[in-house]
Amino acid sequence: MSEDMRYLTFALGKGRLAQKTLALLEEIGITCEEMKDKDSRKLIFVNEELKLKFFLAKGPDVPTYVEYGAADIGVVGKDTLLEEEKRAYEVLDLGFGKCRMCVCGPASAKELLQHHEMIRVASKYPKIAKDYFYNKKHQTVDIIKLNGSVELGPIVGLSDVIVDIVETGSTLKENGLEVLEEICPISARMIVNQVSMKMEAERIKKLIADLKERL
Ligand code: PRP
């Protein structure tokens, strides 16, 4: 590695996605020992040898760091990319973190989706919900933003349905809800800052090519 090479910075969405990303990077010879210590409260980790930096952020903040160039590369769910609409190149579907964005609710709510009725939709993803109902279904709805445990919406009578991610479906099942309509498939994506893609083209293209071989 040449001395004047600049650091490439990765922003990883905290949690399972970050762990899976690190495991995948390890397969192509990129390791970050410091980051494996789960008890550490450190936010930034460095691989001096490869001139790489890694930091963990809340998922929805990852596209923001990448858009502004505070990170060159980000790994985040497609759900977050659709919701945040930030400027960055989406370069790779990493194939993990697979789930589906769905409209869910009690079985009885199914007919509310068929007659363009004015219904209430609770979601952590108001943009995705709005785009689906207004632009795809042409149904006028009232969208209520929640920050988690969205399944509560129809149970406590806040909303008729929810728009949320479904992985195994067990959260829905345990709460007497079901998938009513599918919006789109979701998985982890790698994104790249638009300037970094030009300035660091060689290193980033090599990284993408190496990862592609493993997918
Ligand atoms: C997500 C999602 C569902 C659940 C789906 O929630 O919002 O609630 O996982 O997974 P399942 O189909 O395998 O049951 P998360 O755990 O991220 O927490 P949150 O509800 O607080 O957003």
Side-chain angles (χ1 to χ4, degrees), residues 10-21 24 55-105 113 119-154 159-169 171-172 177-197 204 208 211-212 215:
F10 287 75
L12 307 179
K14 264 184 202 170
R16 272 180 295 176
L17 230 51
Q19 294 311 317
K20 289 202 166 155
T21 304
L24 180 63
F55 65 82
L56 297 174
K58 286 260 185 197
D61 293 337
V62 168
T64 308
Y65 286 108
V66 174
E67 179 180 85
Y68 285 91
D72 302 287
I73 296 166
V75 174
V76 70
K78 180 68 179 176
D79 53 330
T80 304
L81 292 181
L82 290 170
E83 188 62 26
E84 299 298 324
E85 291 182 318
K86 292 288 192 289
R87 271 188 303 268
Y89 295 127
E90 185 185 320
V91 295
L92 211 51
D93 182 344
L94 295 172
F96 51 78
K98 278 199 171 131
C99 51
R100 299 173 294 155
M101 184 65 67
C102 298
V103 181
C104 312
L113 301 171
I119 55 168
R120 285 196 189 165
V121 181
S123 187
K124 267 201 297 198
Y125 304 94
K127 263 191 207 153
I128 295 175
K130 191 173 172 201
D131 180 58
Y132 181 70
F133 278 99
Y134 281 71
N135 300 333
K136 207 155 174 200
K137 284 182 64 88
H138 306 290
Q139 181 170 6
T140 307
V141 297
D142 190 2
I143 291 165
I144 304 168
K145 158 92 200 234
L146 287 179
N147 293 295
S149 303
V150 179
E151 290 83 358
L152 276 171
S159 67
D160 300 291
V161 296
I162 61 173
V163 164
D164 201 13
I165 50 174
V166 178
E167 192 181 350
T168 61
T171 310
L172 290 177
L177 305 174
E178 57 187 65
V179 171
L180 304 174
E181 286 176 1
E182 262 190 60
I183 300 178
C184 61
I186 300 291
S187 57
R189 307 294 160 97
M190 191 167 115
I191 57 172
V192 177
N193 171 271
Q194 294 182 340
V195 176
S196 307
M197 195 69 210
I204 294 175
I208 296 169
L211 286 171
K212 269 190 182 157
L215 297 174

Give a yes or no on this: more than 12 heavy atoms of other residues, nucleotides or ligands lie within 6.0 Å of atom NZ of K20.
no

pair D142-I119: side-chain heavy atoms closer than 4.5 Å:
no

Could you check whether any side-chain heavy atom of M197 comes within less than 4.5 Å of a side-chain heavy atom of I208, counting everything from C-beta outward?
yes

Just checking, is any N or O donor in the side chain of Y125 or D79 under 3.5 Å from an acceptor N or O on the other one?
yes

Heavy-atom pair with the smallest gap, counting every atom of F96 and L24
CE2-CD2, 3.9 Å

Using the side-chain contact (heavy atoms from CB on, under 4.5 Å) rule, take L82 and C184 through it: C-alpha gap first, then chi angles, then the decisive distance, then the call.
CA-CA 11 Å; L82 290 170; C184 61; 3.9 Å; yes

Minimum heavy-atom distance P63-I191, with the two atoms named:
CA-CD1, 3.9 Å

Give, for atom CE of M190 and atom CG of L215, the distance between the pair rounded to the nearest 0.5 Å.
10.0 Å

Minimal non-hydrogen separation, D93 against A188, with atom names
OD1-O, 3.5 Å

If you draw a 6.0 Å radius around NZ in K137, do more than 12 non-hydrogen atoms from other residues or ligands fall strictly inside?
yes

Decide yes or no for C102 and L180: does some side-chain heavy atom of the first lie under 4.5 Å from some side-chain heavy atom of the second?
no

Tell me the closest heavy-atom pair linking A88 and Q194, and the distance in Å.
N-NE2, 3.9 Å

Closest heavy-atom pair, V141 versus Y134, reported as atoms and distance to 0.1 Å, is O-OH, 2.9 Å

Going by heavy atoms in the side chains, are L177 and P154 under 4.5 Å from each other?
yes

For the pair D72 (side chain) and S196 (backbone), establish whether a donor and an acceptor sit closer than 3.5 Å, ignoring hydrogens and angles.
no

Taking K78 for the side chain and I186 for the main chain, is one N or O donor matched with an acceptor at less than 3.5 Å?
no

So S123 and I128, do their side chains get closer than 4.5 Å, heavy atoms only?
no

Any side-chain heavy atom of V62 within less than 4.5 Å of one from V75?
no

Are more than 12 heavy atoms, taken from residues, nucleotides or ligands other than K212, located less than 6.0 Å from that residue's NZ atom?
no

Residue pair E181 / L113, side-chain heavy-atom distance below 4.5 Å:
yes

For Y132 and Q139, which I'm curious about, is there any donor-acceptor pair between the side chains at under 3.5 Å?
no

The complete set of side-chain hydrogen bond (donor to acceptor under 3.5 Å, both in side chains) pairs with one or both residues in residues 56-68, sequence neighbours excluded, reads none

Distance, nearest 0.5 Å, that separates CG of D131 from CD of E83:
10.0 Å

Taking C-beta and beyond as the side chain, do V103 and I162 meet within less than 4.5 Å on heavy atoms?
no

Does T80 reach the main-chain N or O of V76 with its side chain, forming a donor-acceptor pair under 3.5 Å?
no

Side chain to side chain donor-acceptor pair (under 3.5 Å) involving R189 - partner list, sequence neighbours excluded
E90, S187

If you compare all heavy atoms of L92 against all heavy atoms of L211, which two are closest, and at what distance to 0.1 Å?
CD2-CB, 3.7 Å

If you round to the nearest 0.5 Å, how far is CG of N193 from CZ of R87?
10.5 Å

Quick one: CD on E167 to CG on L172, what's the gap to the nearest 0.5 Å?
12.0 Å

